[in-house]
Amino acid sequence: MFPLKRMLSVREAAEYVGITLLRLRSLRLVNAGPHAAMRNKSGVMFRIEDLDEYVDTLYRRANISHTEQARHRNEWRGRLAALPEEARGGISDPFMQILTRDELLEKGANRGFRVLFLGGLCLIFLSHTPLIWRL
């Protein structure tokens, strides 16, 4: 198969995994989620193999067997194929939303605490600066 045919845009990757576009962007923001294969002028592209590996990793972390995973993924793809093209963007797989929420909280909490800590240090530093007292 031609290599670019096995690449998906961010919107297509979110649909393929079964999560919303906002969730995929949030995962990328905290360095979680599927590995992006390349970045070009139009955006980020994902390999289908990387997306499958990411989904498989999430299912393994939830301790779900491969047969149950295959049944659930086929059921999701069937529901997605039954929808018209316009309605596909707003639908997501609730199970994948839960699995990615856990990963987002795990990775994002660490980054959030760092931002809050550095913001607090800046606030303490600025509150003790004579320049601020004159304002």
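- For R77, the CZ atom counts as densely surrounded, since its 6.0 Å shell holds more than 12 non-hydrogen atoms of other residues, nucleotides or ligands.
- Listed by chain and residue number, F113 satisfy the side-chain contact (heavy atoms from CB on, under 4.5 Å) test with A109 (two or more places apart in sequence, or in another chain).
- Not counting sequence neighbours, the partners of A36 by the side-chain contact (heavy atoms from CB on, under 4.5 Å) test are R28, V44, F46.
- The shortest distance between side-chain heavy atoms of L24 and P34 falls below 4.5 Å.
- The side-chain hydrogen bond (donor to acceptor under 3.5 Å, both in side chains) pairs that include a residue from residues 105-114 are R61-E106, where partners are two or more places apart or lie in different chains.
- The side-chain contact (heavy atoms from CB on, under 4.5 Å) test applied to R71 returns E68, E75, not counting sequence neighbours.
- Here R73 pairs with nothing under the side-chain hydrogen bond (donor to acceptor under 3.5 Å, both in side chains) rule; sequence neighbours left out.
- Hydrophobic clustering, defined by side-chain heavy atoms of Ile, Leu, Val, Met, Phe, Trp and Tyr closer than 4.5 Å, groups L121 together with F117, L118.
- Among residues at least two apart or in separate chains, ring-ring contact (aromatic ring centres under 6.0 Å, His included) pairs with a member in residues 90-111 are Y59-F95, H72-F95.
- L123 forms part of no hydrophobic cluster, judged by ILVMFWY side-chain heavy-atom separations under 4.5 Å.
- Taking the side chain as every heavy atom from C-beta outward, L27 and I19 approach each other to under 4.5 Å.
- Not counting sequence neighbours, the partners of E49 by the side-chain hydrogen bond (donor to acceptor under 3.5 Å, both in side chains) test are R6.
- With sequence neighbours left out, R60 forms a side-chain contact (heavy atoms from CB on, under 4.5 Å) with E53, D56, T57.
- Counting side-chain heavy-atom gaps under 4.5 Å among Ile, Leu, Val, Met, Phe, Trp and Tyr, L22 is found in no cluster with other residues.
- D102 meets the side-chain hydrogen bond (donor to acceptor under 3.5 Å, both in side chains) test with no other residue; sequence neighbours excluded.
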